[in-house]
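Everything below concerns the one structure shown next.
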Amino acid sequence: MNQVQNFTKGFLKENPILVMVLGACPALATTSSMINGLGMGLATTFVLLGSNTVVSLMKNLIPDKVRIPAFIVVIATFVTIVDLVMNAFVPSLYEALGIFIPLIVVNCIVLGRAEAFASKNTVWSSVVDGAGMGLGFTAALGVLGAIREILGSGAIGGFKFISGDGILVFILAPGAFIALGYMIAIVKKINKA
Amino acid sequence: MNNILNVSPSPHLSSPETTRRLMYGVVIALVPALAASIYYFGMGAIIVTLTSVLSCVAVEYLVQKFILKTKPSVKDGSAVVTGLLLAFNVPSNLPIWIIIIGAIISIGVAKMTFGGLGSNPFNPALVGRVFLLISFPVQMTSWPVPSGFRTGYLDAVTGATPLGILTEGVKAGESVASLMEKVPTHMQLFYGYMGGSMGEIAAAALILGGIYMLWKKIISWHIPVSILMSVALFTGILWLADPTIYADPGFHLLTGGIMLGAIFMATDYVTSPMTHKGMIIYGVGIGVITVLIRTWGAYPEGVSFAILIMNAFVPLLNMYIKPKRFGKEVKHG
Amino acid sequence: MSSTVLLTIAMLSVLGLLAAMILYFVAQKFKVVEDPRIDLVNEALPGANCGGCGYTGCRAFAEALVKSTSFEGLNCPVGGADTMGKVAVILDRQPVALEPKVAVVRCNGTPDNAARTSYYDGAMSCRIAHSLYGGTTGCHYGCFGCGDCVLACKFDAMYMDPMTELPVILDDKCVACGACVKECPRNIIELRKRNKKDRKIYVSCVNKDKGGPARKACKVACIGCGKCVKVCPYDAITMDNNLAFIDSYKCKLCRKCVPECPTGAILEIGFPVKEQKPAEPAEAITD
Amino acid sequence: MEFILLIISAILVNNIVLAQFLGVCPFLGVSNKVSTAIGMSGAVTFVMVLATMVTYLIYTYVLVPLGIGFMQTIAYILVIASLVQMVEIILKKISQPLYQALGIFLPLITTNCAVLGVAILVIKKDYNLVEGIVYGAATAIGFGLALVILAGIREQLELADVPSGMKGAPIALVTAGILALAFMGFAGLV
Amino acid sequence: MAKMQSSLKNMMFSLTLISVGASAALGFVYEMTKEPIALTALNKKLDAIKQVVPEFTNNPNDDMFMLPTGEGNSLEVYPARSGEEVVGYAVRSYTNNGFSGYIGFMVGFLPDGTIYNISVLEHKETPGLGTKLVPEGTPEKPEFKDQFKGKNPAEFSLKVKKDGGSVDAITAATISSRAFCEGVQRAYNTFEKGGLK
Amino acid sequence: MFKTFPKGGIHPPENKLTADKPTVILPVPPQVTVPVSQHIGAPATPVVEKGAAVLAGQVIAEAKGFVSTNIHSPVSGKVSKIDTVVDTTGYKQTAVIIDVEGDEWVTTVDRSSVLVKEITLTREEIIGRCRQCGLVGMGGATFPTHIKLTVPAGKSCDMVIINGVECEPYLTSDHRLMLEKGAEVLTGVTIIMKALGVERAVVGIEANKPDAISHLTELAKDFKGITVQPLKVKYPQGGEKQLIKACTGREVPSGGLPIDVGVVVQNVGTAFAVYEAVQKNKPLVERVVTVTGKSVTNPGNFLVRIGTPVTALIEAAGGMPDDTGKVVNGGPMMGKALAITEVPVTKGTSGILLFPAAASRRAEVLPCIRCGKCSSACAMGLEPWLISVLSEKGMWDQAEKEKITDCMECGACTYTCPAKRPLLDYIRLGKSTVIRMAREKITK
Ligand SMILES: Cc1cc2nc3c(=O)[nH]c(=O)nc-3n(C[C@H](O)[C@H](O)[C@H](O)COP(=O)(O)O)c2cc1C
Ligand SMILES: Cc1cc2nc3c(=O)[nH]c(=O)nc-3n(C[C@H](O)[C@H](O)[C@H](O)COP(=O)(O)O)c2cc1C
Ligand SMILES: Cc1cc2nc3c(=O)[nH]c(=O)nc-3n(C[C@H](O)[C@H](O)[C@H](O)COP(=O)(O)O)c2cc1C
Ligand SMILES: Cc1cc2nc3c(=O)[nH]c(=O)nc-3n(C[C@H](O)[C@H](O)[C@H](O)CO)c2cc1C
Ligand code: SF4
Ligand code: SF4
Ligand code: SF4
Ligand code: SF4
Ligand code: FES
């Protein structure tokens, strides 16, 4: 696989959330607006990049049997770093994402990538993979956030284009599930074609 | 040989009952209630009903034609029933565009997404209704007050529903007795003189429709009766326990969507259990959840939610409550 | 370094060590129960779970492959030689060369050829129709046309031709999984050797009636006259129960039998047009 | 009374999956069959209660006194991962039937963000140990309820003709959405 | 480099190595972010105070004191001074009766008890409904909160009109509005009882 | 007074057009086609050759194995050929084709219509005679009678139930038989009782045949141990499990046979055939067939020789109406549609029913609306909507758990379904598949 493919596969063909349906919780919980979705996506991307890099760097230093705990430690470290940094420098986003920042640690994409890709590939491939997957995730969250924001509050990126409210359900839990459901269906269709 | 014969497995007879006949039977049963709401709400009722029915049918047709690419099935009449019941569940001054969104949700999301007639686990009209209620709380809770036939549509005078008055009042610390003076009498409630969703108001007309459906064997008594009984029982107990904060069972039975829900919506075949025992459990569940929401929840009315929640349990009920099989099982060597 | 950093390091090291020890003992106590090669083989398989291999799914087949000592009789028709090659590498074995196959519909009972004697009006299922009665035409062996095989095909390699009311197999999509063969209650579909350019010669009929009734039921029935058997230089054709059968492994595609057949029951497909033969609806099958 | 409200809140009003979006992956992944859903619910309940308890103790008696509260995430995840492993070993030793019933779900639970989420929420909400345990148990029951309901519906949908594009995750999500819609009716109960 | 075998020694070594590396990095980042995090929290509070009282020159956070509510707990009060003169008090109030429970406010009073402004610090109300408590409007398009500005609770009944008060509730969000009133009332009561008026 | 079974059941329009039409004896046709398999079980083996002369009542095919029975020539004449022909099953079967010459009978047969009440044969002889005379159940299943009369070891039988229900719409052959040959039928019942060694027999008759009820009640006074039980009109009361439940309250266990509750059920036609075989030594070579249908000019009940072409019967009833779209062998609920009418009458042919084209096509199939009407109609307490879709989707294991094998194929569910789903079509498929798989498991 060349690096371009390696990078782009995360967007449609192997999109973590839209195809593999991993990391559904943050995808639902943090997409009540586009900005939040993107923020969450970027935070995840950072962790993914970091953990992929470290894991592929250390892949030969880690005996097989402890690889999972080792990966978890690496991932958790990056997550905590993100947590602290966001708390310090982007407090409003930090508050909006709340508990879902520490929860990046259990996002299956991160561990999955470390396990399935980074522990078997070179550093550079792993970085590209992490970036692709992370940005694919980010893009999906951004689009989902945008859809929910447009429908739910009649705004985009916080900029309102209608007076009054939108279809409120879309910024609430049910709307999140339903919107993601249709989004996955559409991506399935696109991937098939 | 003069002609080619048709060959099919037996049986070679079929009852005259068809899906279409059942659906139009429900439509006929809904006519008295429709007449009542036109009488009380006038033009608004007509506009809302027409918009809802037409848009439900249109959504079904368009989804099948352009998205699913299957044979259009609108003539089976189920979309008409959904349209009517959606209209019955909203205020008669609801703007047309909101009704259309409701139809898209009811038919497009709650029905066609699952595979159309017969596949949907949730009652389409109620999904539409609850979706609208949560999305457009303002429009969905400004209830026109009943009056003689009125030609206005959006400009209707609005007021609270009896249940709304009750819930608000009790929360504000008023006694039920004093609140009862602010709401119509039980007799007025029975004939439908109250604010509320378009089709839910006239208990008398709804019961008439229910009797028709029972007579035509479109529905069986199990669901409506178990809902009404459990509501009466539960509210009765509360009322006896403390009549100053809980209203009497009669009031609960005649207000809100209980009658409409019990007779027309909880009985939807697709989303209700298959066995009589299952139906009774389902009905009791609806009754209990309704009272729970009405008395302790944020919403003054809970029938729609209760039915949707029990809809979710229907597959489990069907799975674990089976009809009595003929003959005990024996081991064969 | 501040005390927090030191504490952090201490804390995490303790945790890390604890985790490592627990996991070590777990690993010691419960040695790997499953051969890790099963996963590898499973990954190499196409993942269609079609059952063409004769197992309940790809994973079951992977287990069978790992357990087996040779590839005799084990083949994934979907992945074909490619996949089996990959598996062979994983398991360090010699792949068994298997010739690719393709499914062929052995009935040509179009409404023109076999007149309808009744109209089937039951549930659209060949199995149900088959368990109900002999057939919609005088031929009690041929295709019912309800399309059970098409539904069975997981690879979109079949469709029902509304004109001929017969199933059509798309050679380029067929992976010879055999699902349709199993599904057909009439045993009409056969997996045959795949020849170059998808050429094929076969008896497109399964009617075992004697000549007279067979002919009466269907214009293109095999009447069991035996002319083709005689003319075949490679002994590829056998006659059983009034029905000729061409063995696709013996047949050398010489086409001698084709003009011999008085009813046109033998079809040749994929060959350059030799002579203009009138009304051969079977040509429609290939494209 | 307070506990009853806490329980109702955790099961119905603020259902962990339907309202709080935690544990959505197993909610979608293990809801194909009612029987597996029931097994999963049992396993989650068990682990969640245990994890809440242990993490609570670690947080209050180790991390806070040492002044390294920020280590919460990393400590919790390691604790939960090891805990799940240990449970698996112990279960295998002491009760084969229980292991057969729950064992296959245990590895899935490590990456279930509901478990970690609840552990974090218990601290965030300032619950004491008992409240934390009750909250953990009720949350798990709420998870189980949603999971079993969804499994029932999905098993029924197996028999229906769901449009091919919607099959699998999409229809499960739309169903979950409508379920969440229905559960909103419980709003305000506590 | 060959892959390490899974021996106990290797496993411990590897995990310890990773743990030490990870915790070193963590400790470092923690040290680095400790101050900005504390600063952010403080700024947030000061921002809230700034919003609800007139211009001040002191650091209200340093001058903070507690006043009992009379319900068994106390509220934080932040006096705002311009020079030596007290220009207002920011009272950190709360209510538990919001649609989704807790709502935290900063209520600013002028020394005579008139409400200067109110800011919602924390809430979990429903987007689109209860959230309408938060925004500040313009004179042309006033929002819910704006009706409190310049009102003195001594004569302005802090109850929604449905309950016989003077407050226009947010449409379809009476519960939130009611809770809001309650929180403001609590701040006022505390303020009044504390003898600051 | 009127008993019935408790759960399920339907009431399709009865349409008993030929209830008052006395049985007409149809002339012997010029050629008969006698399939060698007219019963459940192994086909009989032909014992005559092409060109052989045969007498009416002569064995032309011998039983092969235990579950099998003899086939007799219904006419005298010459065997024209032995060939495969399509019969009422819709499949090609071996049949003996006989060109009729005269009407000569085997001399041992007593053809007089004198009622012989006294039973001289012993139990074993009765059963042997039934086997010899090729008796099969006339109620539709054509199960060899001698087997049913042999109580298997370890089981015991305490009563016989005679099935005079004829719950299928249109059909009246049993009804006519009870009216016209009541005494013979009851004698036959007595013989069956003797063969089984029981003291008690109940004749179940539905309330829509009041004349038959009163006639047989009257006659039964002269027969010891026989009572007539009037039943409510409800399909499928004729199903043996339902009939037993209705008459005795006993419930045949799932997967069991009537003998498990000590009962043997025989059709009235079978009782009559037993009478003729035992008292008159007459093999089963003719039977009463109802030819009916709303478009038929002259519907009626006909006594015909086995092997007579169905076309001849239709001619006798006024010919095939031009718009005929479907011809059914048997009743409208359980009968088998014929692809062609050039098929012979067999021992199991109880009626020929003609449907005009307009009524012969099934309506468009719509999705199941889960109304539960099929479950309510099912007398076996099954969930037809479920087992049919399980079968459609090939989920055999689950179908087995849902007791698909208990279905008696009555078709009440398909009849009731408002969505017009072909429930029974799929259930039958599932049932046979599940049974086959269970058998394969045993043999493995
Ligand atoms: C999901 C949901 C969220 C709601 N959120 C709020 C809220 O945040 N604040 C509020 O006052 N009411 C909220 N409501 C509405 C209340 O339940 C109640 O109907 C309303 O506050 C009182 O009605 P009124 O203002 O129309 O008199 C919500 C309702 C639902 C269904
Ligand atoms: C495999 C098989 C075995 C049977 N064995 C007996 C038997 O031992 N005794 C008996 O009285 N009937 C036996 N029967 C006959 C059944 O009880 C029943 O009368 C027959 O299948 C026709 O019933 P139906 O027309 O209701 O389907 C048997 C039937 C079958 C198919
Ligand atoms: C649905 C159903 C309906 C039946 N209806 C009748 C009927 O009306 N009359 C009848 O004699 N047998 C009927 N049978 C057949 C009986 O179950 C049983 O096989 C028969 O009475 C046994 O007697 P036989 O062996 O003498 O035929 C019916 C069977 C089924 C499954
Ligand atoms: C008795 C009866 C009640 C029905 N009730 C409803 C209803 O409450 N809501 C609705 O959308 N459709 C209703 N329908 C129509 C139809 O069953 C429904 O649209 C299906 O759920 C669509 O699959 C009803 C139909 C019948 C026969
Ligand atoms: S005779 Fe042969 S080709 Fe014709 S319909 Fe039968 S099987 Fe098909
Ligand atoms: S046509 Fe038949 S053999 Fe070929 S892929 Fe399809 S099902 Fe398999
Ligand atoms: S055909 Fe079978 S499933 Fe249908 S009603 Fe009769 S016994 Fe029940
Ligand atoms: S009667 Fe028909 S529509 Fe009703 S449940 Fe049965 S199969 Fe479904
Ligand atoms: S992201 Fe929450 S469980 Fe997967």
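Per chain, numbering begins at 1; letters A, B, ... match sequence-line order.
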Practice prompt. Select one option (side chain, backbone, both, neither) describing which atoms of S164(D) are under 4.5 Å from chain A's heavy atoms.
Written response: backbone

Worksheet item: Quick one: of A75(D), C25(D), A169(D), who has the most non-hydrogen atom pairs under 4.5 Å with chain A?
Response: C25(D)

Worksheet item: At a heavy-atom separation under 4.5 Å, does A176(A) approach chain D through its side chain, its backbone, both, or neither?
Response: side chain

Worksheet entry | M71(D) vs T80(A), side-chain contact (heavy atoms from CB on, under 4.5 Å): CA-CA, chis, key distance, verdict | CA-CA 7 Å; M71(D) 293 279 290; T80(A) 312; over 6 Å; no

Worksheet entry | Heavy-atom contact with chain D under 4.5 Å, split by part of V73(A) | both

Practice prompt. Please look at Q20(D) and chain A and tell me whether the side chain, the backbone, both or neither of the residue comes under 4.5 angstrom of a heavy atom of that chain.
Written response: backbone

Worksheet item: Do you know which of G168(D), A182(D), P170(D) has the most heavy-atom pairs under 4.5 Å to chain A?
Response: P170(D)

Item to complete: With rounding to the nearest 0.5 Å, note down the distance linking CD1 in I99(A) to OG1 in T73(D).
Response: 9.5 Å

Worksheet item: By a 4.5 Å heavy-atom criterion (distance strictly below it), what part of L181(D) contacts chain A: side chain, backbone, both, or neither?
Response: both

Worksheet item: Side chain, backbone, both or neither: which part of A81(D) has an atom under 4.5 Å from a heavy atom of chain A?
Response: side chain

Item to complete: Can you measure from CG (L180(A)) to CZ (F21(D)) and round to the nearest 0.5 angstrom?
Response: 10.0 Å

Worksheet item: What part of K188(A) lies closer than 4.5 angstrom to a heavy atom of chain D: side chain, backbone, both or neither?
Response: side chain

Item to complete: Sort T77(A) into side chain, backbone, both or neither according to what part of it lies under 4.5 angstrom from a heavy atom of chain D.
Response: both

